[in-house]
Amino acid sequence: QVQLVESGGGLVQPGGSLRLSCAASGFTFNRFAMRWYRQAPGKERELAAHISGTGGSTTYADSVKGRFTISRDNVKNTVYLHMNSLKPEDTAVYYCNAHWSGSLELEYWGQGTQVTVSS
């Protein structure tokens with residue numbers, strides 16, 4: 001029943017922009033922090049961006065800081081990743097992640113969406 005469905009990936013040219021979306025269902029969305037991870041072929045999975053349940057706090061990897069913006073809409077149960085000034089090294093599969101830590105620790109993952117930055 002829990003679902004995280006990413007969309008918005010595709011092929012873009014260097015310097016271009018893209019917005020990824022992750023539609024969530026099956027859990028109490030506003031109680032979970034949301035994260036975007038990415039993984040390039042042959043490389044470790046990297047935490048790109050994080051946003052708190054209320055949207056009041058965000059953090060970014062140094063590699064994307066100043067270029068990417070994470071946001072969420074707790075009415076639409078959707079988290080976004082706005083990507084600007086894209087570089088070839090941003091090419092990766094981008095994964096949406098939901099995390100809750102308390103008496104239990106819960107984590108959910110989306111299926112991923114491919115972003116390719118190439119001229």
Side-chain angles (χ1 to χ4, degrees):
Q1 187 169 313
V2 171
Q3 285 191 289
L4 296 172
V5 182
E6 300 98 331
S7 62
L11 176 65
V12 296
Q13 298 212 89
S17 298
L18 205 61
R19 186 184 77 166
L20 306 183
S21 298
C22 174
S25 61
F27 63 97
T28 307
F29 182 73
N30 64 2
R31 303 291 292 272
F32 282 70
M34 299 298 296
R35 298 162 173 168
W36 285 98
Y37 286 86
R38 65 183 187 177
Q39 188 166 29
K43 296 185 178 180
E44 290 186 353
R45 186 180 62 194
E46 175 187 33
L47 175 61
H50 169 105
I51 187 167
S52 63
T54 63
S57 178
T58 60
T59 57
Y60 300 92
D62 288 343
S63 56
V64 309
K65 196 172 298 180
R67 300 187 298 117
F68 290 12
T69 302
I70 188 170
S71 62
R72 66 191 295 162
D73 186 332
N74 284 354
V75 175
K76 296 181 178 180
N77 286 3
T78 301
V79 63
Y80 304 95
L81 187 67
H82 298 259
M83 304 184 292
N84 299 315
S85 302
L86 284 162
K87 306 173 181 179
E89 50 263 46
D90 295 319
T91 296
V93 177
Y94 284 72
Y95 296 94
C96 180
N97 169 274
H99 182 260
W100 182 84
S101 182
S103 57
L104 297 175
E105 184 169 332
L106 299 175
E107 190 169 55
Y108 305 123
W109 291 88
Q111 83 287 353
T113 186
Q114 176 72 47
V115 172
T116 302
V117 185
S118 177
S119 59

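Scope of the values below: all heavy atoms of this structure, side chains included, with no hydrogens, waters or symmetry mates.
- R19 and H82 form no side-chain donor-acceptor contact under 3.5 Å, judged by distance and modelled atom types alone.
- Put simply, the side chain of N97 reaches to within 4.5 Å of the side chain of E107, judged on heavy atoms.
- What you find for L81 and A49 is that their closest heavy atoms are CD1-CB, 4.1 Å.
- Summarising the geometry of G9 relative to L20, their closest heavy-atom pair is N-CD2, 3.6 Å, with the distance given to 0.1 Å.
- In the displayed structure, Q111 atom CD is contacted under 6.0 Å by more than 12 heavy atoms of other residues, nucleotides or ligands.
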* Between Y80 and C22, is a side-chain contact (heavy atoms from CB on, under 4.5 Å) present by the stated rule, with each step listed? -> CA-CA 6 Å; Y80 304 95; C22 174; over 6 Å; no
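- Taking both residues in full, the closest heavy atoms of F29 and M34 are given as CE1-SD, 3.7 Å, listed atom of the first, atom of the second, then distance.
- Residue T91 comes nearest to A40 through the heavy atom pair O-CB, 3.5 Å, listed as atom of the first residue, atom of the second, then distance.
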* Asked: Under the salt bridge (Lys or Arg N to Asp or Glu O under 4.0 Å) criterion, do K87 and D90 qualify, and how do the steps go?
  -> CA-CA 5 Å; K87 306 173 181 179; D90 295 319; over 6 Å; no
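- Here the closest non-hydrogen pair linking A33 and H50 is CB-CE1, 3.6 Å.
- Taking 4.5 Å as the limit, some side-chain heavy atom of F68 sits within range of a side-chain heavy atom of R38.
- Taken to the nearest 0.5 Å, the OG atom of S101 stands 10.5 Å off from the CZ atom of F32.
- The distance from the OG1 atom of T58 to the NZ atom of K65 is 10.0 Å, given to the nearest 0.5 Å.
- Connection of W36 to L106 is established within a shared hydrophobic cluster, with ILVMFWY side chains joined at heavy-atom distances below 4.5 Å, either directly or through further cluster members.
- Residues E46 and S63 approach most closely at OE2-OG, 2.7 Å, considering heavy atoms.
- Judged by distance alone, with hydrogens and angles left aside, the side-chain atoms of E6 form a donor-acceptor pair with the main-chain N or O of G112 at under 3.5 Å.
- Grouping Ile, Leu, Val, Met, Phe, Trp and Tyr residues whose side-chain heavy atoms lie under 4.5 Å apart, directly or via other members, places W109 in a hydrophobic cluster with Y37, L47, V93, Y95.
- Between the R67 side chain and the S85 main chain, a donor and an acceptor come within less than 3.5 Å of each other.
- Looking at L11 and S118, their side chains come closer than 4.5 Å, going by heavy atoms from C-beta outward.
- At a threshold of 4.5 Å between non-hydrogen side-chain atoms, the residues L4 and F27 count as touching.
- Side-chain atoms of N77 never come within 3.5 Å of backbone atoms of G26 as a donor-acceptor pair (strictly under, hydrogens ignored).
- To the nearest 0.5 Å, atom OH of residue Y108 and atom CH2 of residue W100 are 9.5 Å apart.
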